[in-house]
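First the structure, in the form of structure tokens, and then the observations on it.
All values below come from the heavy atoms of this structure, side chains included, with hydrogens, waters and symmetry mates left out. Each chain gets a letter, A, B and so on, in the order its sequence line appears, and its residues count up from 1.
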Protein chains: 2
Amino acid sequence: MGTTKTEIFTEKQNKLAVLLKALAHPARIAILQEIIKTNACICGDLVSELGLAQATISQHLKELKTAGLIQGTIEGVSVCYCINPTVWKQLQTQLKAFLESYDLKTNCC
Amino acid sequence: MGTTKTEIFTEKQNKLAVLLKALAHPARIAILQEIIKTNACICGDLVSELGLAQATISQHLKELKTAGLIQGTIEGVSVCYCINPTVWKQLQTQLKAFLESYDLKTNCC
DNA sequence: TTTTTTAATCGTAATATTGCGATGTATTAT
DNA sequence: ATAATACATCGCAATATTACGATTAAAAAA
């Protein structure tokens with residue numbers, strides 16, 4: 001117990017849940033927004049921008065990386081993070097389909 | 001420790017994270033899809049449809065209700081669940097804005 | 001009234017997440 | 001070579017999540 005029963009769901013449901021889980025934390029939303037805002041990649045500026053310890057930021061970055069939402073390339077001493085366009089696009093497509101599968105006009109109870 | 005430091009994030013970031021967290025589980029995605037699919041509201045059909053215990057489904061429904069994504073009205077012995085159009089619309093708007101704030105053409109590293 | 005049905009809630013076990021100090025690991029600067 | 005810088009990782013404590021059996025609550029049927 002305590003673990004999600006992934007076996008009983010579809011591949012699609014599980015994959016979407018993984019991506020959403022990666023997004024579902026204010027720190028990770030803030031990190032992504034910061035990466036997007038600075039347009040080019042940023043590095044450990046996140047530690048000074050957000051009020052979290054370096055270890056914590058690094059952990060959140062790892063989760064985003066594991067989910068595939070961002071990618072990091074070593075740039076000398078620092079690491080350069082940016083959005084993974086492919087996965088981002090996938091997320092957009094899947095979420096759009098999911099959210100639009102509900103017809104807002106259909107009000108029932 | 002173990003708790004999210006909500007104080008250091010914006011209201012918007014926290015609210016979006018709450019909604020995404022509610023979505024970020026395959027069971028809850030499946031529940032929402034089922035509610036949408038059956039168009040009208042459904043009740044404990046979810047227990048037979050998905051392979052989870054009644055207590056577990058009820059718990060997931062509660063989380064979706066707490067997040068505001070669904071609403072339930074008592075319909076005799078059973079309970080009728082449906083999407084909350086207002087919150088659903090909000091989620092659509094906020095997610096769209098967030099996902100589209102990244103320009104897919106901007107490839108950096 | 002008693003029984004049945006449907007769903008919420010309680011209690012509990014297993015596991016996951018969050019956050020951080022401390023430490024390790026490269027790479028650049030001196 | 002040594003020191004400094006930037007991150008990653010380890011280890012730990014606090015808390016949250018997931019899942020479910022058992023119980024409770026409320027309405028409908030008998």
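- One interatomic measurement links the two molecules: CD of Gln54(B) to C1' of dC10(C), which rounds to 13 Å at whole-angstrom precision.
- Looking at the side chain of Val77(A), the nearest of the listed nucleotides dA7(C), dA22(C), dT27(C) is dT27(C).
- A distance-only check finds no donor-acceptor pair linking the side chain of Thr56(A) to the backbone of Leu52(A) [under 3.5 Å].
- The aromatic rings of His25(A) and Phe9(B) sit perpendicular, their planes meeting at an angle over 60°, well past the 30° parallel limit.
- Per the geometry, CG belonging to Asp45(B) stands 11 Å off C1' belonging to dT6(C), to the nearest Å.
- Of the residues near DNA chain D, Lys5(A) and Lys65(A), the one whose nearest nucleotide (by heavy atom distance) lies more toward the 5' end is Lys65(A).
- As a whole-Å value, the separation of Leu50(A) CG from dC20(C) C1' is 15 Å.
- The phosphate of dC20(C) has OP1 or OP2 within less than 4.0 Å of a side-chain N or O from Thr56(A).
- Across all strands shown, Glu63(B) has heavy atoms under 4.0 Å from sugar-phosphate atoms exclusively, and none from any base.
- Judged by closest nucleotide on DNA chain C, Gly44(B) is the one of Gly2(A) and Gly44(B) placed further toward the 5' end.
- A 6.0 Å sphere centred on CD1 of Ile74(B) holds no more than 12 heavy atoms belonging to other residues, nucleotides or ligands.
- Along DNA chain D, read 5' to 3', the first and last nucleotides having any atom under 4.0 Å from a heavy atom of chain A are dT5(D) to dC20(D).
- Between the C1' atom of dA7(C) and the CD1 atom of Ile57(B) lies a distance of 12 Å, rounded to the nearest Å.
- Note on Ala53(B): only backbone sugar-phosphate atoms sit closer than 4.0 angstrom, heavy atoms only; bases stay farther off.
- Remark: P of dT25(C) and CD1 of Ile74(A) are 15 Å apart, rounded to the nearest angstrom.
- The two atoms that bring Ala22(B) and Ala67(B) nearest to each other are CB-CB, 3.5 Å, heavy atoms only.
- In this structure, Thr3(B) and Leu61(A) both approach DNA chain D, and ranking their closest nucleotides by distance from the 5' end singles out Leu61(A).
- Listed pair His60(A) / dG19(C) meets the phosphate criterion, a side-chain N or O lying under 4.0 Å from OP1 or OP2.
- Ranked by how close their nearest DNA chain C nucleotide is to the 5' end, Ala27(A) and Lys62(B) are led by Lys62(B).
- Leu52(B) has its CG atom 15 Å from the P atom of dA7(C), to the nearest Å.
- The number of heavy atoms from other shown groups lying within 6.0 Å of CG (Leu104(A)) is above 12.
- For the pair Ile36(A)/Trp88(A), a side-chain contact is recorded, criterion being any heavy-atom separation below 4.5 Å from C-beta on.
- Between the side chains of Gln13(B) and Gln33(A), at least one donor-acceptor pair of N or O atoms lies under 3.5 Å.
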